[in-house]
Structure formats: structure tokens, C-alpha cells
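In each ligand, atom 1 is the first atom listed, and ligand 1 is the first ligand listed. The analysis underlying the following values was restricted to heavy atoms, covering all of them including side chains, and did not include hydrogens, waters or symmetry mates.
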Amino acid sequence: MSRVYNFSAGPAVLPEEVLKEAADEMLDYRGTGMSVMEMSHRSKAFEEIITTAEQDLRDLMGIPDNYKVLFLQGGASQQFAMIPMNLMKNRVADYIITGQWAKKAAKEAEKYGKVNRIASSEDKTFSYIPDCSDLPVSEDADYVYICENNTIYGTKFKELPNTKGKTLVADVSSCFLSEPVDVTKYGLIYGGVQKNIGPAGVVIVIIREDLITEDVLPGTPTMLTYKTHADAKSLYNTPPAYGIYICGKVFKWLKAQGGLEAMKERNEKKAKVLYDFLDQSRLFKGTVVPKDRSLMNVPFVTGNADLDAKFVKEAKEAGLENLKGHRTVGGMRASIYNAMPYEGVVALVDFMKKFEEENL
Ligand SMILES: *Cc1c(COP(=O)(O)O)cnc(C)c1O
């Protein structure tokens, strides 16, 4: 068996310990004589899996009691509709456009009400986060929406926007559990888990209780109403059971690493190796304004598309996989999520140094 360093943006690398544990439990989960894939979601064994997973997530993030944790399906993209359907009481929302995901979310919300794009960094290919300290937040906005870490462009909000008292909604798909967070600053936090937590098929929504109501837009399906899932503790229908089980293992793994403070330190140390190299390289160049750089997704270019392609190809041959940038931006992108070891980033930088010497 040989494993590569996988820099995929998502689905992405998972902790090897977690994969091994899951493999050990594959045929017989703790004396049940069956795999977690095969058991009833109403069984005692699964009930323990989902309640433990929720508690561990609450411990990791310090989620207050007045927030519900929901394990849903449909990916982050389904939340683009579910959020307005549930929260747009006045049918007005403000969106901050920092990349493709925020753009898509805003476009979807437009189906349900008035969307004000109160800030954008599209003028410079989303290479920075706009100043959000004094935005023209709409008087009647139901919420202000951000994509906190921009997976494609490699930017991250280092400071949350001043929403002037309005509810903050954040897509944290690609920075979920990468560092500590003050949950009380948000009304709703959500993310697809396939970037930094677990396998595709689970989306986690953390939502303040007062935002969970029956007063949703007319025609909202039962399955797309937060209250349905909150009331049923994410067991209204069959949940993505195996995915939740793996997420639970990752939460335990994160706790064993020392929690989110420790992850932040590790992630900063990892990202620094790469950014420091980029900042002095004569061949490679980071594409993001330094102050807004993501710890999770690091895009870079040589400035020559043929050379970029050569780099991606040769890196793959050296066991460094999935370094091709997003199809809409080109170049390269290294996603260095929680489960990417420090050694993986060092291996990447060593390879980049060698490539630079050979190709300059
Ligand atoms: C990947 C991604 C999405 C889309 O996730 P799906 O689960 O495929 O719908 C949305 N937002 C962000 C920030 C992402 O990185």
C-alpha cells in the first residue's frame, strides 16, 4: 500500500488513523456483527454514534446550548436555497461576494427575494477580502451572508464583517474546524464536510434556535425546513449515516490533537512553510493579498500556463497529487486541510525548489 500526499480541494485528505479505525470496524462495528453502513439509523448503536458526534462537535467549537446542530444532506449547494427559504422573512438579504461560491449562493437567493450585493472583490479576480467594517447593510435585511474561506481563490475573512446588528450567515465549508471560532457571532454556520471534516454527503448546519421557525417561505418542502430536522434531531428521515460516523471519528481525532487551538497552530505552521517559499521564489507566485491568505487553500502560479501544466504533471509523478488549480482560475492550488501532515507541505516545497532550479 502506498499513499500519496493529496492536495485535493475536496473531497480531500482524511486522517489516516481515522481511515484505519473505520477499516477495522468495517465488518463488525463493536460487536454488532454488522457494518455501520448496514445498521438501522434507529438502532441503539447508531443513536450513540450521532449523539456522540454532536457532543464532540459542540465541545470542539464551544457551541452554546441555544444553537442546534443539524446533520443534513444535499451538500453546501442545497443551503444556497435552504437559507433564504427559511430566513428571508422580509425577502431581503445582503451578500458579500468574495468568489464563485458566494456568487452562486447570491444568485440562488434571488429566486426568493431581493439580494443586495453590498461588497465584492470581483474587480481583482477575488484575490482579496473587501473592507467590511462599514458596509451599507440594508435596513430590512434578514441576514448578511459570507463565504468565510474561499476555496477556489484562497482568501479568508480574518475579521468578520460588521453586520450592524443583522444576522450573520457563513459558509465555512473549507475552513470548518481549522481554528477556534466564536459561534455567538453567527446566526447560522454551515459547511459541506468533504473539504475539512469527512466524506461527501454530509452538510453540517449550526443554527441559533430563534432562527428555527415554522414561518418559512410558502411552498418550502418539509425536507428543506430547518425545524423538521431540528425537531427530529437530524433523524427525520434516514440521515447520511456512514458519513456522520466518519465525521464523529474525525471529531475524536481533533480532540486528541488538542482541539481547535492546536489545529490553528499546526495549520499556521504548515501554511507558513508554503507562503514563505512563495514570497521569495523567483518562479512561483502566490495570487492572494498577503493579509487575506487562507490557511487551507493556497493558489499559486508560474505565470506560464505550459509550465504550470508541466509542474502539475511532474508533481503527480513525485506523489504530490491534485495540485491543479480550479478550472475557472488555472495555475496551481494546494489545499492543506487539517489532515494534511506538515511533512506533506515540506515535501511539496522541496519539490517546488527542485522544479524552480530546473526550469528557471
Ligand atoms: C465545495 C464548496 C461548496 C459546494 O459544496 P457542495 O457540497 O459540492 O455543494 C460551497 N461552498 C464552499 C466554500 C465550498 O468550498
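Below 3.5 Å of separation, one finds no N or O of Asn149 facing any N or O of ligand 1.
To the nearest 0.5 Å, atom CG of residue Leu70 and atom NZ of residue Lys227 are 12.0 Å apart.
The proximity of Lys195 to ligand 1, defined as any non-hydrogen pair under 4.0 Å, is limited to the side chain. With a 4.0 Å heavy-atom cut-off, ligand 1 is reached by the side chain of Cys147 but not by its N, CA, C or O. With a 4.0 Å cut-off on non-hydrogen atoms, Ala76 touches ligand 1 through its backbone as well as its side chain.
Applying the 4.0 Å criterion to heavy atoms of Thr151 picks out, from ligand 1, the atoms 12 (C), 13 (C), 14 (C), 15 (O). For ligand 1 and Gly75, the ligand atoms under 4.0 Å from any heavy atom of the residue are 7 (O), 9 (O).
Looking at Asp134 and Lys164, a side-chain N of the basic residue comes within less than 4.0 Å of a carboxylate O on the acidic one, giving a salt bridge. Contact check on Glu48 versus Lys44 returns no salt bridge, with no Lys/Arg side-chain nitrogen under 4.0 Å from an Asp/Glu carboxylate oxygen.
Protein heavy atom closest to atom 11 (N) of ligand 1, with residue, atom name and distance, is Asp171 OD2, 2.6 Å. Looking from atom 9 (O) of ligand 1 to the surrounding protein, the closest heavy atom is Ser77 OG, 2.6 Å. Protein heavy atom at the shortest distance from atom 8 (O) of ligand 1 is Gln194 NE2, 3.5 Å.
Distances from ligand 1 to the non-hydrogen atoms of Gly192 include no value under 4.0 Å.
Ring geometry for Phe80 against Trp101 counts as tilted: the plane angle lies between 30° and 60°, on a 0 to 90° scale. Between Phe284 and Phe355, the two ring planes are tilted [angle within 30° to 60°].
A cation-pi arrangement is absent between Lys124 and Phe126 under the rule of less than 6.0 angstrom and at most 45 degrees off the ring axis.
Scanning all heavy atoms of the two residues, the minimum distance from Lys166 to Ala141 falls at CD-O, 3.4 Å.
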